[in-house]
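In what follows, a structure is listed as structure tokens, so that the remarks can point back to it.
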Amino acid sequence: MGRMGLSFGRVPDEALLTGLTTGDPELAVAFVRRFQSTVHGVALAVLGDAQLAEDVAQQTFERAWRHAQMFDSRRGSVRAWLTTIAHNLAIDAVRARRARPVAPEDLDALLGSMTETPERRALADDNAERVRRAVAELPREQARALVMAGIYGMTAWEVAEAEHIPLGTAKTRIRTGTRKVRALLETEERR
């Protein structure tokens, strides 16, 4: 419940973000409650570690609070902005622990699995679903390289090592996959 018994459920995301910058405790709590499962789900999907995902989620909200004045609604939604922050922080955490979040030989099963999980629900907004569909249309080798680089934060060199391919081939697969996904998304937007 908000001030004077009013619910913050209908308050736009941008207004809650503005309230976060003003230090309003009720708006800050409403902001965190609205996005906490999404942010935690993104971190958990990348990290595979619930405790570390909680830490990343907290860091995400701290960063959102510190940089809220930099948010530009012309570049995307508050949800997309927060999930990008969470994803980047999670990738940083993966790199810091220098552990592979998933074995490359298990990536085919991961790409093909379509089970409903909390992580999938957290990422189920329209944009994430559109990207998943576009990646699914790629040839398997390009999809693997793109997911390794884009989701798991592996460098082209790490992709080449994991896939036992030349560095140039890894770079080409990542670049070509990215271009195809971008083209598919642009085509879908025009429809």
Side-chain angles (χ1 to χ4, degrees), residues 12-18 34-35 37-47 56-57 60 63-64 67-92 94-95 101-102 104 106-160 162-163 165-191:
D13 295 346
E14 291 82 6
L16 288 180
L17 181 61
T18 301
R34 181 171 292 177
F35 297 108
S37 64
T38 300
V39 168
H40 184 265
V42 168
L44 187 60
V46 173
L47 297 165
V56 166
T60 299
R63 188 163 291 176
H67 300 286
Q69 70 279 2
M70 296 172 62
F71 173 75
D72 182 357
S73 62
R74 295 172 297 184
R75 297 181 68 199
S77 67
V78 172
R79 182 175 304 277
W81 181 67
L82 276 175
T83 57
T84 299
I85 293 170
H87 181 263
N88 291 341
L89 289 172
I91 292 296
D92 290 346
V94 167
R95 288 179 176 154
V102 67
D106 296 335
L107 193 52
D108 282 328
L110 183 63
L111 284 171
S113 82
M114 296 305 287
T115 59
E116 186 65 24
T117 64
E119 297 84 7
R120 286 187 58 77
R121 283 191 299 277
L123 295 170
D125 65 305
D126 291 339
N127 291 334
E129 183 58 34
R130 290 174 48 228
V131 170
R132 277 195 292 275
R133 285 194 309 264
V135 170
E137 291 186 32
L138 295 176
R140 182 61 69 190
E141 299 81 23
Q142 287 175 6
R144 287 175 57 86
L146 187 59
V147 168
M148 283 186 211
I151 305 271
Y152 293 103
M154 296 172 76
T155 65
W157 183 83
E158 291 170 327
V159 171
E163 295 289 286
I165 57 176
L167 177 59
T169 302
K171 288 180 178 181
T172 298
R173 287 179 183 177
I174 294 166
R175 186 174 42 251
T176 304
T178 301
R179 286 180 181 155
K180 286 181 180 178
V181 166
R182 189 173 292 136
L184 289 167
L185 293 175
E186 288 172 359
T187 300
E188 187 176 305
E189 282 179 7
R190 283 187 233 132
R191 290 184 193 166

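Computation of the quantities below employed the complete heavy-atom set of this structure, encompassing side-chain atoms and omitting hydrogens, waters and symmetry-equivalent molecules. Since this is a predicted model, take the numbers as computed values, not measurements.
- With hydrogens and angles ignored, the 3.5 Å screen pairs a side-chain donor or acceptor of Glu158 with a backbone N or O of Thr155.
- Residues Ala156 and Ala170 come closest through the heavy atom pair O-CB, 3.6 Å.
- Residues Leu82 and Thr38 have side chains not in contact (no heavy-atom distance under 4.5 Å, counting atoms from C-beta outward).
- Considering all non-hydrogen atoms of both residues, Ala90 and Ala43 come closest at CB-CA, 4.2 Å.
- The shortest heavy-atom contact between Ala145 and Arg173 is CB-CB, 3.7 Å.
- Rounding to the nearest 0.5 angstrom, the gap separating the CG atom in Leu47 from the CD1 atom in Ile91 is 8.0 Å.
- Of the inter-residue distances, the one linking Gln142 atom CD with Glu137 atom CD reads 12.0 Å to the nearest 0.5 angstrom.
- At a threshold of 4.5 Å between non-hydrogen side-chain atoms, the residues Trp81 and Arg75 do not count as touching.
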Practice task
Check the pair Leu146 / Lys180 against side-chain contact (heavy atoms from CB on, under 4.5 Å), numbers first and verdict last.
Solution key: CA-CA 11 Å; Leu146 187 59; Lys180 286 181 180 178; over 6 Å; no
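- Taking both residues in full, the closest heavy atoms of Leu17 and Ala68 are given as CD1-CB, 3.6 Å, listed atom of the first, atom of the second, then distance.
- With rounding to the nearest 0.5 Å, the separation of CG in Leu184 from CD in Glu186 is 9.5 Å.
- Across every non-hydrogen atom of Ala134 and Val181, the tightest pair is CB-CG1, 3.9 Å.
- A distance of 11.0 Å separates CD in Glu141 from OG1 in Thr169, rounded to the nearest 0.5 Å.
- Residues Leu185 and Arg182 have side chains not in contact (no heavy-atom distance under 4.5 Å, counting atoms from C-beta outward).
- Phe35 is listed as a side-chain neighbour of Val78, based on a closest heavy-atom distance under 4.5 Å.
- Scanning all heavy atoms of the two residues, the minimum distance from Gly150 to His87 falls at O-CE1, 3.2 Å.
- Rounded to the nearest 0.5 angstrom, Met154 CE and Ile174 CD1 are separated by 9.0 Å.
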